[in-house]
Amino acid sequence: MSKQIAIYGKGGIGKSSTASNVAAACADEGYRVTIIGCDPKSDSSITLLRGRRIPTIMDLMRQGVDIEEEDIVFDGYKGVKCVEIGGPEPGIGCAGRGIIVAISLLKKTSKAIEDTDLVIYDVPGDIVCGGFVAPVKKGLVSEAYVLTSGEYMPLYAANNICKGLSRLEMPLNGVICNSRGAPNEENIVSEFAKEIGSQLLAFIPKDVLVQTCEREGFSVIEKEPGSAIAAVYRKLARSIMTKSDARVPEPLDDARLRELTKI
Amino acid sequence: MPVKEKEPMIMHPRPSSIVAALYTLRDLDTDVVILHGPPGCCFKHARLLEEDGMRVVTTSLDESGFVFGGHDSLVEVLEKVIRRFNPKRIGIVGTCASMIIGEELHEAVMDVQPDVPVIEVEVHAGYRDNTKGVIIALESALAAGIISEAEFERQKSLLKEATMVEKRHGAASKEYLEPNRGDLKFKVAGRLLELMKQGKRGLNILNAKKETAFMFADINLAVNQIAEKLGSPIINMANLNEDVGLPKNRRNAREIKEELKNRGMDIHHITGGLDEYPVAGNSANQIIGEKYSDYDFAVITGVPHALPMDNINNMELFSITNGPRQVIPLKEMGHRHVMVEIDLHPRTLGINHIVESEFGATLREMAKDV
């Protein structure tokens, strides 16, 4: 039985970096991993593919080609299966519909989401319409993770996501803090996690190494395996694979959220 | 990654996959269908289908439904439908609007938990071939245990053939097809009567799609009646096998066959069932090749373009369709006389007997003077 997870969080908070490093760390441990980038800008898997951009499902559908598994599923770092859904340029068309269509095609053409130990759906930060929860609604995601920093706005977004998860009755398996260096950050996020009925799974310190590696097209796990930050991702990967304490979150009201983030 | 041969974009309006799904649900004896979408979607066909006894209702999604989602409306309508109509079988059919915003039909069914089968059809009208709507509906019917795997596979292969028929010589054969009313029925009837008076030998072929046979059969009946009167040898073929297809199609085949018999028409060859029009033409072709290839003329009603030209090439062909866009392709195939029964389909809904056709009436009227 594979673990099917989605990582949610405010746009730009570091979901793709976290997803790809977790994927690489799990692959190091010998797990079979699949990562599915659901963002139209299709950059979830780029650091697992040494900076290479792979064709997206939606691009191929648009060209009207017969799509086989090998056209859309690519082997990345240590055999991590990489898939990018893709979608339109910002401001045109309908990215949400793209996710619905691509997910159903993926289900039909590929075993990559079944014959595996871990599937990570890297979903866009803003779940602006029905299409963006297609993986959840189609029953492809069984647990969620929320990524946030200790600042008010990312926490506000995280809390909002919890509202959505609770409406969808999707269990949350943990909160991950991607530090922006805000004061008292670990405590704030830890308290937030506790109050919504979850737990802080990892505190990822701000480290320029992540960006340096990404710029060159690598995860830190691949490029700087001995670094401290790589160790943090490894620990998080292990928690994801072993801990399972998933519960439907109970979002906070805005007053409590403001109170919580007061320094 | 083989690049598919890029099919030409077709500009003329064509049948909709949503409507195709609706008709399929009717053939499955569904009592009520909920269209999950805007109020006007598929209005014309929704109304027509009510003539056949199937209720069609809509969740009436509006601007705020598009923005905030239509789940609650669907739940509400589903509950109302159960209370008001007490249906034995319910269908829920998607529309472009609800599918684009990612509505999950199944969620509403889970919420309401009806104790009768619900066929959920996640369909929109954006498929190149409208047969896709039939396939999706049948897949759901299969999942709901309403049809057998064998029937599903049978239908699927027929639909594939139907799609090919349209691509070869039908509405999907050209980038743009001009609608055309076809030849004047009065003139063509005159020519047909002349041939029959000369004692020419003719084939009288019904190859019609489902209920449209209720009117097309009237033409074959008229031809048979007049040929008898004039002493012209006629061979009758029809796709009226009552032992295949979905419940309604079997029923209709039986009704038409019985009426033809009662009105004095013997069918010499049954070529297939009412849903087998895409392949029944092939059996007709084979029979003609074996026995009748030297006949002088053929009257072909329904879907004449599904009949291969191999063995009828040298005959004078009288073809009757109900599609104004089918006239030009038929002429190009070599059908000399092509006529259109305008608005045929609406008049074949909600009935269980043969209805008069314009060409049949013209033939009968003119035959009085012979």
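In what follows, chains carry the letters A, B, and so on, assigned in the order in which the sequence lines appear, proteins first and then strands, with residues in each chain numbered from 1.
Taking each heavy atom of A:K137 and B:E104 in turn, the nearest pair found is CD-CG, 3.5 Å.
Contacts between B:I100 and chain A at a heavy-atom distance below 4.5 Å involve backbone atoms as well as side-chain atoms. Heavy atoms closer than 4.5 Å to chain A are found nowhere in B:H71, neither backbone nor side chain.
For NZ of B:K167, the number of neighbouring non-hydrogen atoms (other residues, nucleotides, ligands) closer than 6.0 Å is greater than 12. Residue A:R256 places its CZ atom among more than 12 non-hydrogen atoms of other residues, nucleotides or ligands, all under 6.0 Å distant. By the 6.0 Å contact criterion, CE on B:M110 is open, its count of non-hydrogen atoms from other residues, nucleotides or ligands being 12 or less. Within 6.0 Å of CD in B:Q113 there are more than 12 heavy atoms belonging to other residues, nucleotides or ligands.
Looking at A:K138 and B:E107, no side-chain N of the basic residue comes within less than 4.0 Å of a carboxylate O on the acidic one, giving no salt bridge.
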